[in-house]
Colleague: 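Okay, here's the structure, questions in a sec.
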Amino acid sequence: MTTSRAELAAFLRSRRARITPADVGLAPGFRRRTPGLRREELAQLAGVGVTWYTWLEQGRAINVSVQVLDAIARTLRLDEAEREHLYRLADVPAFTPQPAGCPLEPQIQLILDGMALPACVYNGRYDLLAWNAAYARLFTDLVRRTGRERNALWHLFVTPECCMPFVNLAEELPLMVATMRATFARHLGEPAWEGFVRDLSAASPAFAAAWQSHDVAVPGSRLKIFRHATLGDLRLATQSMQLAGTPEARMIVYTPADAATASALARLGEVGGVSAGCAEHREAY
């Protein structure tokens, strides 16, 4: 079984498990051991053969058409990100992977430096590629990291809770993992990506659990709340913009979500970054 087919099989099983018989108008029945729909129920609802669908969910090398994938996606109630993820894993031409990433254009840094609001550029794995001074003041701990640790997901999952200023972490981290998972489908079999997932899973059981959920999402506007020792809570709305000519790279701009945060951002340069680690871990941060 190829890596992409194994991912496809796991993704289909995870999506099938979340659809209950009641969701699709079926009686629950007795002796139901399978969470969600049974394979034969899904196959019947999608109008495909039970044996064929079983082979697909087992990761076998069988032919898959756009029409059949559409039917399965509708039955599983996949959203836009999940549907694209399904097509990529099935290697259907309707969603052809983008070419490998390329370096940022020099003008990107000029744009960042000209912005008063905190802003940065991430790639699809949340590696931090570029940032401006306002971002560096806001995310001091991440900017000073090097190598693979200069990665937002790595930083958020391995930083001790006592040193973490991110308030609504429980809401935002699953979305970030789901966003990376959608991009991961374009990099199956690449040692750098698979090594990153393997190592972060070993370093963080929380990441491993989120990764195994097989949730996928697309980048979008989010509300992130940070706690500053002097300025209090900073409520920031993120805007994500794809960069033309640089596949998978996106610029993130942090805008104040209320007047108090706008005032606090204006003073951030005077009082320093959001976090420099607690007393116990300060040397590490």
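The model shown is predicted, which means the values in this text are computed figures rather than measured ones.
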Colleague: Identify the residue among L129, L112, L104 that makes a side chain to side chain contact (heavy atoms under 4.5 Å, CB included) with M251.
Modeller: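 Of L129, L112, L104, side chain to side chain contact (heavy atoms under 4.5 Å, CB included) with M251 is met by L112 alone.
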Colleague: So if you build clusters from Ile, Leu, Val, Met, Phe, Trp, Tyr with side-chain heavy-atom gaps below 4.5 Å, do L223 and V177 land together?
Modeller: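 Different clusters.
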Colleague: Any chance you could measure S4, atom OG, to D91, atom CG, to the nearest 0.5 Å?
Modeller: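 CG of D91 is found 6.5 Å from OG of S4.
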Colleague: Under 3.5 Å, is there a donor-acceptor pair between the side chain of T140 and the main chain of A136?
Modeller: yes
Colleague: Can you name the residues that form a salt bridge (charged side-chain N to carboxylate O under 4.0 Å, His left out) with E149, not counting sequence neighbours?
Modeller: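 Counting only residues at least two positions away or on another chain, E149 forms a salt bridge (charged side-chain N to carboxylate O under 4.0 Å, His left out) with R145.
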Colleague: When rounded to the nearest 0.5 angstrom, what is the spacing between CG in L169 and CD1 in I225?
Modeller: 11.5 Å
Colleague: Any chance CD of Q44 has more than 12 other-residue heavy atoms, nucleotides or ligands included, within less than 6.0 Å?
Modeller: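 Not buried by this count: 12 neighbours or fewer within 6.0 Å.
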Colleague: Check the orientation of H85 and F11. Use parallel for under 30°, tilted for 30 to 60°, and perpendicular for over 60°.
Modeller: perpendicular
Colleague: For residues 202-216, which residue pairs qualify under salt bridge (charged side-chain N to carboxylate O under 4.0 Å, His left out), counting only residues two or more places apart or in two chains?
Modeller: R15-D215
Colleague: Would you find a donor on one side and an acceptor on the other, under 3.5 Å apart, between the side chain of N132 and the backbone of A119?
Modeller: yes
Colleague: Applying side-chain contact (heavy atoms from CB on, under 4.5 Å) to M176 and T179, what does each step give before you reach the verdict?
Modeller: CA-CA 5 Å; M176 293 175 68; T179 301; 5.6 Å; no
Colleague: Looking at P219, P118, C120, which one forms a side chain to side chain contact (heavy atoms under 4.5 Å, CB included) with I252?
Modeller: C120
Colleague: I want to check something: taking the side chain as every heavy atom from C-beta on, are I108 and V121 in contact at a cut-off of under 4.5 Å?
Modeller: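 Yes; the side chains approach each other to less than 4.5 Å.
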Colleague: Passes salt bridge (charged side-chain N to carboxylate O under 4.0 Å, His left out), D23 versus R18? Steps please.
Modeller: CA-CA 10 Å; D23 290 336; R18 72 179 184 180; over 6 Å; no
Colleague: Minimum heavy-atom separation for A9 to G59, with atom names?
Modeller: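 Nearest heavy atoms, A9 then G59: CB-N, 3.9 Å.
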Colleague: Ring pair (Phe, Tyr, Trp, His ring centres under 6.0 Å) between F139 and Y254: does it pass, once the steps are laid out?
Modeller: CA-CA 12 Å; F139 302 101; Y254 295 78; 5.3 Å; yes
Colleague: So which pairs with a foot in residues 46-56 pass side chain to side chain donor-acceptor pair (under 3.5 Å), sequence neighbours left out?
Modeller: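 As it turns out, the side chain to side chain donor-acceptor pair (under 3.5 Å) pairs with a partner in residues 46-56, which skip direct neighbours, are Y53-E57.
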Colleague: Compare every heavy atom of V158 with every heavy atom of A203, then report the nearest pair and how far apart it is.
Modeller: CB-CG1, 4.1 Å
Colleague: Tell me, do R83 and D70 make a side-chain contact under 4.5 Å, heavy atoms counted?
Modeller: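 A side-chain contact under 4.5 Å exists here.
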Colleague: Kindly indicate, with the supporting measurements, whether the criterion side-chain contact (heavy atoms from CB on, under 4.5 Å) is fulfilled by V253 and T255.
Modeller: CA-CA 6 Å; V253 181; T255 61; 4.2 Å; yes
Colleague: Looking at every non-hydrogen atom in both residues, tell me the closest pair between A116 and A134 and how far apart they are.
Modeller: O-CB, 3.5 Å
Colleague: If you round to the nearest 0.5 Å, how far is CZ of R16 from CG of L76?
Modeller: 9.0 Å
Colleague: Kindly say whether A130 contributes a backbone atom to a donor-acceptor pair with the side chain of Y122 at under 3.5 angstrom?
Modeller: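 Side chain of Y122 to backbone of A130, a donor-acceptor pair under 3.5 Å: no, none is there.
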Colleague: Which residue pairs pass the salt bridge (charged side-chain N to carboxylate O under 4.0 Å, His left out) test when at least one of the two sits in residues 108-134, sequence neighbours left out?
Modeller: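 Every pair satisfying salt bridge (charged side-chain N to carboxylate O under 4.0 Å, His left out) with a residue in residues 108-134: R125-D127.
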Colleague: Determine the minimum heavy-atom distance between G36 and P21, stating which atoms define it.
Modeller: O-CD, 4.3 Å
Colleague: Hey, does R250 have a side-chain heavy atom less than 4.5 Å from the side chain of L243?
Modeller: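 Not in contact.
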Colleague: Any idea which heavy atoms bring P256 and L265 closest together, and the distance?
Modeller: CD-CD1, 4.0 Å
Colleague: Indicate, with yes or no, if L236 and L173 share a hydrophobic cluster defined by side-chain heavy-atom contacts under 4.5 Å among Ile, Leu, Val, Met, Phe, Trp and Tyr.
Modeller: yes
Colleague: Please step through salt bridge (charged side-chain N to carboxylate O under 4.0 Å, His left out) for the pair R38 and E41, ending with a clear verdict.
Modeller: CA-CA 5 Å; R38 298 186 177 102; E41 291 170 336; 3.4 Å; yes
Colleague: Between CG of L37 and CG of L45, what distance do you get to the nearest 0.5 Å?
Modeller: 6.5 Å
Colleague: For R148, give me all partners under salt bridge (charged side-chain N to carboxylate O under 4.0 Å, His left out), at least two apart in sequence or on another chain.
Modeller: D199
Colleague: So, H187 versus E248: side-chain donor-acceptor pair below 3.5 Å or not?
Modeller: yes
Colleague: Could you grab the distance from atom CG of L142 to atom CH2 of W154, nearest 0.5 Å is fine?
Modeller: 13.5 Å
Colleague: When rounded to the nearest 0.5 angstrom, what is the spacing between OG in S213 and CZ in R181?
Modeller: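 The OG atom of S213 sits 7.5 Å away from the CZ atom of R181.
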Colleague: Give every residue pair that meets the salt bridge (charged side-chain N to carboxylate O under 4.0 Å, His left out) criterion with at least one member in residues 202-213, sequence neighbours excluded.
Modeller: none
Colleague: Can you tell whether the side chains of E84 and R88 come within less than 4.0 Å, N to carboxylate O?
Modeller: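 Between R88 and E84 there is a salt bridge, with a charged N closer than 4.0 Å to a carboxylate O.
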Colleague: Say whether, by atom type as modelled, one donor and one acceptor occur between the side chain of N168 and the main chain of E171 under 3.5 angstrom.
Modeller: no
Colleague: Just wondering, do D141 and T159 contact through their side chains at under 4.5 Å, heavy atoms?
Modeller: no
Colleague: Determine, using the 4.5 Å side-chain heavy-atom cutoff (strictly less than), whether I62 and L12 are members of one ILVMFWY cluster.
Modeller: yes
Colleague: Do the side chain of T261 and the main chain of R235 share a donor and acceptor less than 3.5 angstrom apart?
Modeller: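 Yes.
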Colleague: Ring centres under 6.0 Å, that's the criterion: do W211 and F157 meet it?
Modeller: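 No - the distance between ring centres of W211 and F157 does not fall below the 6.0 Å cut-off.
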Colleague: Tell me whether V50 shares a hydrophobic cluster with L42, the cluster being built from Ile, Leu, Val, Met, Phe, Trp, Tyr side chains joined at under 4.5 Å.
Modeller: no
Colleague: Spell out, as yes or no, whether a donor-acceptor pair under 3.5 Å connects the side chain of S204 to the backbone of L200.
Modeller: no
